[in-house]
Amino acid sequence: MDLVEKIKSKIDVGQYDGVEKVVLAYSGGVDTSVMIPLIQEVCGAEVVAVTVGLGQDEYNGSGWEKAKEKAESLGAKHYFFDATEEFVEGPCWQAVKANCLYQGSYPNSTALGRPIIVEKLVEAAKKEGADALAHGCTGKGNDQVRFDICTHSLMPDAKIIAPVRDWNLGRDEEIAWAEGQGIHLPVKAHSPYSVDSNIWGKSSECGPLEDPSLEPPEDVFDWVALPEDAPDVAETVTVKFEGGKPIGGVGLLEELNALGAKHGIGIIDAMEDRTIGLKSREVYECPGSTLLLNAHKDLEKFVFTKEENQFKPFVDKHWAETVYYGLWFNPVMDAMNAFIDESQKKVTGEVTLKLFKGHAKVVGRKSGNAIYDHNLITYSSDSGFDQLHSHGFIKLWGLNTVTAKKVMA
Ligand code: ARG
């Protein structure tokens, strides 16, 4: 049976009644290319393909025009939005301020990119008068959650079409169908991996990575050098921050990505808890984000009081989880951002990192706002700190503990 007939026999086609125009999140790859004619046929609707640039290599320069040509050859109108600068200056720099690491290891690179992609899709949908948004996510991952919730937060009435999830499409059958129809798909070297990348990092899963006991094969890594192949000579780099934000924009992040990649920095092999409850293994390459996050965390420790250092990590953890779970547009994000922005006012200064074979170690920091007084901390005899004050402090600080031990003895 023809694939379109098969799909129509399995689903309730009536749900697409009234859908005349669909905006599709379009990468230019094989899967989203097959979706153009499939959506046209199954839903009987016009398709507008939207590609959003977040600093991916393949869209640099005029690279995105390949996606445009492909989409147009398949009968779709195409939009390209270059949102790289907006992404870096917005979500990426806010993630630095929030020390964003999901489950302590993943800088949320894929997750941070989704809301801005949806914003651009919705912008195109409103301009085009489209009634539905479509994406290529499966029914097993986090990205479907992010796409759907972000879409409905910005365009509550939009219908969502996710062919892979909703029509239970198999990759092989969709490709065979397209070939049978004489549809010319973009050719891509065969890779066993599913990859998503933007300027904040690259995520890889599937293929041999699905066995968590196996070390990731070398061919996964095409951004970051293996630490053992990285230069034998260390290199230092100094990063400056003002109000918690790295000083520099897209150019700075590109530079740090190149430098970190050269030194084997930012390879993360994570066992991860997905929003929907599945446990997965994902391998990340996040050179620039790892450098910035290491440096920023150190600077915070330098300028924060003990109480700020104790409290902010709770907010940071919740921020990373909320972003990962697809709740970017939840008002709790505004409340957390207000706290984070307030805390960052004094996070100004510079941090020097030494890069060597996969490690980025902080080796120095400077700030006019540091809660660090050399005259107090120095062990030399002319220190302004009166050590005798510690007697009384220790008596009271330990009072509860010492009394409790006495009572229990
Ligand atoms: N696990 C990551 C996340 O949910 C990345 C998901 C996309 N990964 C991929 N290889 N396509 O944010």
Side-chain angles (χ1 to χ4, degrees), residues 25-33 35 51-52 54-59 87 91-92 94-95 98 100-118 135-151 162-165 169 171 188-212 214 216-217 219-224 266-287 289-290 293 317-330 333:
Y26 183 64
S27 70
V30 178
D31 301 80
T32 50
S33 291
M35 265 163 229
T51 305
V52 182
L54 299 178
Q56 302 91 324
D57 290 339
E58 67 260 41
Y59 305 139
F87 178 53
C92 296
Q94 195 64 19
C100 174
L101 289 175
Y102 178 66
Q103 296 194 318
S105 60
Y106 164 43
N108 259 346
S109 40
T110 293
L112 285 164
R114 298 314 186 191
I116 203 162
I117 291 176
V118 173
H135 59 69
C137 302
T138 72
K140 290 190 166 186
N142 294 313
D143 286 323
Q144 53 166 346
V145 179
R146 299 170 186 147
F147 267 112
D148 289 14
I149 297 176
C150 289
T151 299
V164 178
R165 174 188 67 192
L169 283 187
R171 199 162 192 263
K188 239 188 167 179
H190 177 75
S191 159
Y193 307 112
S194 154
V195 173
D196 175 70
S197 67
N198 61 48
I199 196 167
W200 201 235
K202 177 183 157 212
S203 316
S204 305
E205 57 184 354
C206 299
L209 299 175
E210 284 179 0
D211 182 346
L214 294 182
D219 66 352
V220 178
F221 304 107
D222 55 12
W223 269 33
V224 177
I267 293 180
I268 301 149
D269 180 344
M271 286 315 303
E272 198 168 294
D273 289 301
R274 289 189 187 161
T275 309
I276 61 166
L278 287 167
K279 177 87 74 189
S280 71
R281 192 255 198 119
E282 189 107 28
V283 174
Y284 300 101
E285 291 164 80
C286 297
S289 44
T290 298
L293 290 166
K317 180 171 176 281
H318 202 75
W319 197 92
E321 286 167 356
T322 308
V323 170
Y324 185 92
Y325 298 153
L327 306 176
W328 182 264
F329 293 110
N330 188 297
M333 287 294 290

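Numbering of ligands and ligand atoms starts at 1, following listing order. Bear in mind that the values here come from a model prediction, so they are computed numbers and not experimental data.
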Quiz prompt | Distance-only N or O hit between ligand 1 and Asp143, under 3.5 Å | solution = no
Self-check item: Tyr106 heavy atom under 4.0 Å from ligand 1
Solution: yes
Self-check item: All salt bridge (Lys or Arg N to Asp or Glu O under 4.0 Å) counterparts of Asp57, not counting sequence neighbours
Solution: none
Quiz item: Looking at ligand 1, does Ser194 have a heavy atom less than 4.0 Å from it?
Solution: yes
Practice problem: Say whether Ser204 and Tyr284, considering side chains only, have a donor N or O and an acceptor N or O under 3.5 Å apart. | Solution: no
Practice problem: Identify which one of Asn108, Asn142, Thr110 satisfies the side-chain hydrogen bond (donor to acceptor under 3.5 Å, both in side chains) criterion when paired with Tyr324. | Solution: Asn142
Quiz item: Can you list the ligand 1 atoms lying under 4.0 Å from a non-hydrogen atom of Ser203?
Solution: 5 (C), 8 (N), 10 (N)
Quiz item: Nearest heavy-atom pair of Glu272 and Gln103: which atoms, and what distance?
Solution: CA-OE1, 3.6 Å
Self-check item: Those residues that, when tested against Arg274, pass side-chain hydrogen bond (donor to acceptor under 3.5 Å, both in side chains) (two or more places apart)
Solution: Glu205, Ser280
Quiz item: Considering only protein heavy atoms, which is closest to atom 4 (O) of ligand 1, and at what distance to one decimal place?
Solution: Asn142 ND2, 2.7 Å
Quiz item: Considering only the protein, which heavy-atom contact is closest to atom 8 (N) of ligand 1, and what is its distance?
Solution: Glu282 OE2, 2.9 Å
Practice problem: Using a 4.5 Å cut-off on heavy atoms from C-beta on, say whether the side chain of Pro107 contacts that of Tyr102. | Solution: no
Exercise. Decide whether the shortest distance between a heavy atom of Arg146 and an atom of ligand 1 is less than 4.0 Å.
Key: yes
Practice problem: Identify, for atom 2 (C) of ligand 1, the protein heavy atom at the shortest distance, and state residue, atom and that distance. | Solution: Tyr284 OH, 3.2 Å
Quiz item: Hey, which atoms in ligand 1 end up nearer than 4.0 Å to a heavy atom of Asp196?
Solution: 11 (N)
Quiz prompt | Glu272 contact mode with ligand 1 (heavy-atom cut-off under 4.0 Å) | solution = side chain
Self-check item: Under 3.5 Å side-chain donor-acceptor pair for Asp148 and His135
Solution: yes
Quiz item: Quick check: does Thr110 get an N/O under 3.5 Å from an N/O on ligand 1?
Solution: no
Quiz item: So, Gln94 side chain and Cys92 main chain: donor-acceptor pair closer than 3.5 Å or not?
Solution: no
